[in-house]
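So the structure is just underneath, and the comments pick up after that.
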Amino acid sequence: MRSVRKSLYPSDSAPAKGISWEWMNDEACWTVYEMPITIYLDENYCNGRPLVDLAAFGLPYQIDLTSCIQTNKMTGFRRQIQRRADIPYPLTSAMGPVHKSAACLCHQCLANSAAGPISGRHRHSMINLPTSSGSQLSRTSFVSSFNVGYVPYPKPSMASSKSTPKLNSTWLTSPVPLQFPGPSSSNGTSIPSVPVNMQKQSSTKQALAGMTAMLMSAAGFPVRFTSAPPPPPSNPPVNSKPDKNHNSVRRLRKSKKGIAAEPEQVVKKYLENVEKPPEEDCIICMETLNVASGYSDAVESKNIKPTAVGKLKKCGHTFHQLCVLAMYNNGNKDGSLQCPACKTIYGEKTGTQPKGNMEFSLINQSLPGHQDCGTIHIVYTIYPGTQGPGHPNPGKPYSARGFPRHCYLPDNDKGRLVLELLKLAWARRLIFTIGVSSTTGESDTVVWNEIHHKTEMISNMSGHGYPDPNYLDNVIAELAAQGVTEDCLKM
């Protein structure tokens, strides 16, 4: 069971006007921003402010409302955004006096409307959902009134990042080559032939081929299916058998961690005591720093007082020490901390990736845009299992869709550097996590963990292929954001 609530917005607000702001996810699909962010973006858009920073929401993004680009300030990764004005929310005049001038998102009002809520909205588990107090707000007052803050929950299940990729179809060649000319139809037009790769006959594959033919015909494209020509012989991988590289990656998974320090010791290690706290809020509990921590009734500590305030040594951000302790206790307890404000990592960060194998080999074939070298072929294999400590729902089963997953890098100097960094990220359990798939909406499943991979070798149908001249630099920056850098390889 889950609790539900309704949210009322003024009739002159963005939701009442049917306005939404969306960002393009890794599957080239539009994902709607949370409503507080949508309202904030639209206010700045209407007021002519071209640049907007989402740091007030705990997000490391800068939005250019003129060019409609979202930039990750930590990694430099850019995404396209858009503003839509065709999502009407229902006015609630039929619901009584309290509804007469507001757009309501409660169940009854949505049931009486053909519009309904925006589909595909994802929750960001590090942000408390707000209750609105008006639309004319500055960024500071906006955060305070919406009570936005970090809560010490485990890592967000939407990684961001961070979703199960589209499953590759093996029964139909991709991209589909249309062969012209083909036999003529009854009206004299040429009917294209679509070669279908039926390596193994099955009723399921035949049914899928039939449905494809009907869909293409319904769209006005008469087709006939033929047997696909045999594929040209491909060059076998140079390392066709597991070698030292394969074995070393497997051993990385089995390496044992040292004994982690006590939680209070970790907090004391990375925080400096602040005797006179500044007049500002702790973004973890949203209480003022000069009063007791909001988690003083939920976290027990013999050595940390409820009013103790600390400043992180590298970045200088200030929090209640008990809040940091609560955040650490709900994580991996691996001896590392990550600043919830700027994401600076203290210590060696590890993730919650389930057990599996990472293998790689070389292919004597170049990638588009890298014709001067061969290809590094990476294969990740993870099987379904049961969630453990640090996962969203310990004790519940998790699924592993789309495995083994095949990824590709150019076999040049920078590509080999990325491979070494990915091996280290795998050893630290940072490549995957367990969460909610932004593609299917399935929960408790293995998803990518904010480190982008190229899953297409020849084509770029899904946007996860080559050529992409900035990919290697982008993924190096994403790995650095997880604490995996070239300096780590020298240790």
Side-chain angles (χ1 to χ4, degrees), residues 54-60 73-74 124-128 143-144 146-157 159-160 257-352 389-392 394 428-430 433 449-450 481-483:
L54 299 187
F57 299 91
L59 301 175
K73 295 184 293 185
M74 297 177 59
H124 194 296
S125 62
M126 299 293 283
I127 298 180
N128 291 325
V143 175
S144 177
F146 277 82
N147 195 26
V148 176
Y150 286 90
V151 289
Y153 292 156
K155 186 172 181 64
S157 56
S160 341
K257 296 188 207 176
I259 299 176
E262 291 295 324
E264 293 183 7
Q265 295 176 356
V266 175
V267 173
K268 293 292 186 181
K269 179 179 179 180
Y270 299 121
L271 287 174
E272 297 176 346
N273 287 324
V274 176
E275 299 298 335
K276 295 182 179 180
E279 293 291 334
E280 59 186 45
D281 292 340
C282 171
I283 68 169
I284 298 178
C285 70
M286 296 307 298
E287 296 288 347
T288 307
L289 288 173
N290 52 22
V291 302
S293 165
Y295 288 94
S296 57
D297 58 344
V299 180
E300 295 182 359
S301 174
K302 297 180 180 178
N303 302 317
I304 299 178
K305 297 180 180 179
T307 56
V309 175
K311 179 175 68 174
L312 287 170
K313 295 179 179 179
K314 290 182 184 178
C315 62
H317 288 108
T318 308
F319 313 95
H320 289 117
Q321 294 187 24
L322 274 185
C323 292
V324 178
L325 180 63
M327 182 177 67
Y328 179 81
N329 283 336
N330 283 276
N332 296 337
K333 298 183 182 179
D334 57 0
S336 72
L337 280 179
Q338 186 165 14
C339 176
C342 66
K343 310 303 180 185
T344 299
I345 296 173
Y346 295 80
E348 182 179 299
K349 179 183 177 181
T350 61
T352 58
H391 291 149
R428 295 182 181 178
R429 303 174 65 197
L430 295 169
T433 188
N449 188 32
E450 301 181 3
Q482 298 282 358

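Model, not experiment: these values are computed from the prediction. This chain uses plain numbering: 1 for the first residue, then up along the sequence.
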Please give me the minimum heavy-atom distance between Leu325 and Pro263, naming the atom from each residue. CD1-CB, 3.6 Å

Nearest 0.5 Å, please: how far is CG in Asn329 from OH in Tyr295? 12.0 Å

What are the two closest heavy atoms between Gly390 and Thr352, and how far apart are they? O-CG2, 3.5 Å

CD/Gln338 to CD1/Ile345 distance, rounded to the nearest 0.5 angstrom? 4.5 Å

Before you tell me yes or no, could you show the steps for Leu289 and His320 under side-chain contact (heavy atoms from CB on, under 4.5 Å), namely the whole-Å CA-CA distance, both residues' side-chain angles and the distance that decides it to 0.1 Å? CA-CA 7 Å; Leu289 288 173; His320 289 117; 4.3 Å; yes

N/O donor to acceptor pairs below 3.5 angstrom from side-chain atoms of residues 296-310, sequence neighbours left out:
residue, atom, partner, partner atom, Å
Ser296, OG, Ser293, O, 2.9
Ser301, OG, Glu264, OE2, 2.6
Ser301, OG, Asn303, N, 3.4
Ser301, OG, Ile304, N, 3.1
Asn303, ND2, Glu264, OE1, 2.8

Under 4.5 Å between any side-chain heavy atoms of Leu271 and Lys313, yes or no? no

If a pair satisfies side-chain hydrogen bond (donor to acceptor under 3.5 Å, both in side chains) and one of its residues is in residues 266-279, list it, with sequence neighbours excluded. Lys268-Gln321, Asn273-Gln321, Glu279-Asn290

Point-to-point distance, once rounded to the nearest 0.5 Å, from CE of Met327 to SG of Cys339: 7.5 Å

What distance do Gln482 atom CD and Lys349 atom NZ have between them, rounded to the nearest 0.5 Å? 4.0 Å

Applying salt bridge (Lys or Arg N to Asp or Glu O under 4.0 Å), can you list everything that pairs with Lys314, at least two apart in sequence or on another chain? none

CG on Leu59 to NZ on Lys73, rounded to 0.5 Å: 9.5 Å

Qualifying residue, where the test is side chain to side chain contact (heavy atoms under 4.5 Å, CB included) with Phe319 and the options are Val267, Val324, Val274, Asp281: Val324

